[in-house]
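Here is the structure we will look at.
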Amino acid sequence: MYRLLCLSRGLICTKCKCSAQKSEPFVSLLTPRVKFRDQLMKRFISTPRRPVIPSSSNRHTALWLFGIGTGFVLALGLKYRDSASEHCECNAQKTVSQYTCAIETSRDLLRRIKDEVGAPGMVIGVSVDGCHVWCEGVGYADLENRVPCGPETVMRIASISKPLTAAAVARLWEEGKIDLDAPVQKYVPEFPHKQFEGENVTITPRMLLSHLSGIRHYEKDGQKVREDKEKAKRLLKPLEKKEEKGSTESKEKPKAEDSGSKSKKKKKEFEQEEYYLKDNFENVIQALDLFKDDPLIFKPGSTFLYSTHAFTLLSAVVERAAGQRFLDHMMKMFRELGMLNTVPDENDPIIYNRSRFYHFNKKRRVVNCPYVDNSYKWAGGGFLSTVSDLLVFGNALLYSYQMAEAKNTDGLLPGFFRPHTAKAIWAPVDKTEASWDKDGLYAQGWLVVEKQQKYGQCRSRRHYVSHTGGAVGASSVLLVLPREQLTNQKLPPPQGVVVTIITNMQSVGLNTTALKIAQTFDKARDGESASA
């Protein structure tokens with residue numbers, strides 16, 4: 001019985017210290033009783049005894065009490081043994097070990113991408129069905145001091161800040177504090193009423209979330225933006241046949257066109273001056289001064305135009321609706337989610353494990369990025385985080401999303417969002433697009449790719465959601481691949497794969513890599529469940 005209560009190593013898992021450690025309290029409780037028992041036995045042996053014939057009633061009473069005590073001790077020991085085995089660390093080790101091949105394959109792919117783009121360091125995190133199965137860093141968080149990347153490395157997450165802001169908007173909408181279809185001036189009267197081609201137009205929070213507001217991005221020249229949009233839509237250039245009027249005109253025209261093309265040469269993404277702002281903005285209302293008086297590029301609601309500035313305006317709406325500073329409201333949400341390593345990208349605070357940030361110079365050498373102040377775009381690209389925190393966020397949304405499909409929710413906690421809210425966040429919006437996957441449409445702060453298969457035995461497209469990010473010295477992706485169908489309703493949500501990758505090098509596309517890795521782990525999970 002003592003052996004049962006103590007959960008000796010003969011009765012418990014020998015690979016895990018968990019049960020042995022948990023049995024120590026029982027050992028400490030029983031030890032004084034054992035010593036007392038030994039003393040009584042010694043005294044019993046050494047003391048002369050005379051035969052005593054107990055009465056039958058006393059003998060029955062003693063047996064009855066002994067039986068009750070034995071049953072109680074057995075029940076307690078068995079109950080503790082079961083609970084210890086449920087929480088045994090070997091279960092977690094078994095979960096991770098089933099993905100060994102997937103981890104090796106994905107690690108090789110991650111290193112290949114890192115070497116291909118010349119990134120100093122990368123960190124990846126993968127979770128399957130809500131369990132973190134792989135978090136690892138490769139390369140360096142700090143090249144100069146040879147500080148390696150690790151799961152705890154903190155990097156800029158760039159535009160993954162947009163899904164975080166969208167989550168704050170969704171919570172306020174659930175509380176009835178934001179009307180997504182009201183003019184933004186209802187919350188931010190500092191933002192002027194707008195016109196487009198002489199017509200009064202309305203911008204709403206819903207348009208801001210889906211990049212349909214017409215507010216500019218970093219390129220200020222509206223004509224250039226519209227021309228680039230037209231070129232992207234044009235599949236074939238129209239053939240123009242013009243008669244030559246003279247040899248002089250035909251020679252002078254190309255020269256004029258060449259000079260014009262040079263003057264209107266499209267800037268690369270990180271050649272835009274606003275990426276490198278060093279001015280500090282005290283609040284999000286002040287940050288509106290950067291763009292609030294600029295003309296709209298498109299009529300609101302008509303054309304998709306990805307805009308970080310639109311999310312700055314959205315942060316002002318959140319601030320007024322919540323009744324507290326935007327950053328304070330976001331930090332409160334992060335605490336609720338358990339994202340304790342997600343903070344604003346401020347330069348003054350000491351942030352443990354913060355990476356340095358790099359880019360290539362004109363000679364293709366890796367150099368440190370210049371100092372920038374991201375206070376003008378907290379909502380659209382101004383947060384730092386770790387892969388573990390981003391996995392927590394992805395699983396929180398997946399849990400809420402799948403609660404709508406769960407048949408039996410008895411014993412399950414509610415999601416961070418109501419099921420219909422999570423569905424709305426990941427619902428594709430018409431007239432939208434996304435640069436990192438042409439198969440998808442933008443939703444409310446996320447790209448959504450819907451399930452589709454056009455032809456038999458041909459490409460089958462999986463449903464997934466993601467968001468990428470690019471900032472000075474950083475690139476990122478957060479991707480959620482829900483399970484195709486909840487075949488086992490006994491398993492609670494979340495059911496699916498979440499992958500996030502962050503790196504301290506700018507201009508690195510990571511969505512395709514994240515999708516490949518997610519599919520690798522998805523196959524490994526399905527293969528294990530099939531064999532079971």
Side-chain angles (χ1 to χ4, degrees), residues 106 109-110 113-114 116-127 132 134-141 149-167 269-270 275 306 308 311 330 334 337 339 341-345 351 353-359 369 372 374 377-395 397 434-437 440 442 445-447 464-481 497-518:
S106 301
L109 177 59
L110 186 73
I113 296 299
K114 175 189 170 300
E116 181 183 337
V117 301
M122 276 188 183
V123 189
I124 187 169
V126 179
S127 72
H132 294 197
W134 182 39
C135 289
E136 184 178 340
V138 293
Y140 293 98
C149 284
E152 69 285 348
T153 300
V154 177
M155 292 186 181
R156 287 173 178 157
I157 61 171
S159 288
I160 296 179
S161 303
K162 291 180 175 72
L164 298 178
T165 302
E269 178 74 7
F270 286 96
Y275 265 110
Y306 189 89
T308 292
F311 268 72
M330 294 300 291
F334 296 153
L337 284 162
M339 300 171 63
N341 296 303
T342 305
V343 294
D345 184 11
I351 299 174
N353 303 311
R354 181 173 7 193
S355 170
R356 299 196 70 162
F357 306 107
Y358 304 96
H359 71 114
C369 281
V372 294
N374 286 325
K377 59 171 183 178
W378 296 130
F383 288 105
L384 303 168
S385 191
T386 62
V387 292
S388 295
D389 273 17
L390 294 178
L391 290 180
V392 167
F393 179 63
N395 279 303
L397 265 76
S435 60
W436 58 91
D437 193 331
Y442 208 83
W446 289 85
L447 165 84
Y464 80 90
V465 298
S466 75
H467 209 292
T468 61
V472 175
S475 304
S476 59
V477 64
L478 174 60
L479 185 144
V480 181
L481 182 71
V497 181
V498 181
V499 177
T500 182
I501 307 173
I502 52 179
T503 180
N504 52 5
M505 173 61 74
Q506 66 192 40
S507 302
V508 180
L510 295 169
N511 192 76
T512 302
T513 302
L515 182 57
K516 288 179 180 178
I517 291 173

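Leu397 places a side-chain heavy atom less than 4.5 Å from the side chain of Trp446. A 4.5 Å side-chain heavy-atom check between Val123 and Ile501 finds every atom pair outside the cut-off. Using a 4.5 Å cut-off on side-chain heavy atoms (C-beta onward), Asp437 and Asn511 make contact. At a threshold of 4.5 Å between non-hydrogen side-chain atoms, the residues Leu479 and Val498 do not count as touching. Counting heavy atoms from C-beta on, the side chains of Ser385 and Leu164 never come closer than 4.5 Å. Within the 4.5 Å cutoff, no side-chain heavy atoms of Val343 are placed close to those of Met330. Using a 4.5 Å heavy-atom cutoff, the side chains of Glu136 and Val387 are not in contact. Here the side chains of Leu109 and Lys516 are in contact, with some heavy-atom distance below 4.5 Å.
Rounded to the nearest 0.5 Å, atoms OG (Ser161) and CH2 (Trp378) are 10.0 Å apart. For the atom pair OG of Ser476 and CG of Asn504, the computed distance is 12.0 Å after rounding to the nearest 0.5 Å. Here OG1 of Thr468 is found 8.0 Å from CG of Leu447. Values are rounded to the nearest 0.5 Å. Annotation: the span from Asp389 atom CG to Leu384 atom CG amounts to 11.0 Å, rounded to 0.5 Å. Atom OG1 of Thr500 is separated from atom CD1 of Ile124 by 8.5 Å, given to the nearest 0.5 angstrom. The line from CD1 of Ile113 to CG of Leu510 is 8.0 Å long, rounded to the nearest 0.5 Å.
Under 3.5 Å, the side chains of Ser466 and Trp436 contain a donor-acceptor pair of N or O atoms. For the residue pair Asn374 and Tyr275, no side-chain donor N or O sits within less than 3.5 Å of a side-chain acceptor on the partner. Between the side chains of Gln506 and Tyr358, no donor N or O sits under 3.5 Å from an acceptor N or O. Judged purely by distance below 3.5 Å, without hydrogens or angles, the side chains of Lys162 and Tyr306 pair a donor atom with an acceptor atom.
A donor-acceptor pair under 3.5 Å is absent between the side-chain atoms of Ser355 and the main chain of Met155, judged by distance alone. At distances below 3.5 Å, at least one donor-acceptor pair connects side-chain atoms of Thr503 with backbone N or O atoms of Gly121. The backbone N or O of Cys149 lies less than 3.5 Å from no partner atom in the side chain of Thr153, so there is not a single donor-acceptor pair. Remark: side-chain polar atoms of Ser475 are paired, donor with acceptor, to backbone N or O of Val508 under 3.5 angstrom. Judged by distance alone, with hydrogens and angles left aside, the side-chain atoms of Thr165 form a donor-acceptor pair with the main-chain N or O of Ala379 at under 3.5 Å.
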*asked:* Please evaluate residues Asp345 and Lys377 with respect to the criterion salt bridge (Lys or Arg N to Asp or Glu O under 4.0 Å), reporting the C-alpha separation (whole Å), side-chain torsions for both, the decisive distance (0.1 Å), and the verdict.
replied: CA-CA 10 Å; Asp345 184 11; Lys377 59 171 183 178; over 6 Å; no
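Remark: Arg156 is positioned above the aromatic ring of Phe357, its terminal NZ or CZ atom under 6.0 angstrom from the ring centre and at most 45 degrees off the axis.
Nearest heavy-atom pair, Lys114 versus Pro120, reported as atom, atom and distance to 0.1 Å: CE-O, 3.4 Å.
Between Phe334 and Phe383, the gap from one ring centroid to the other is short of 6.0 Å.
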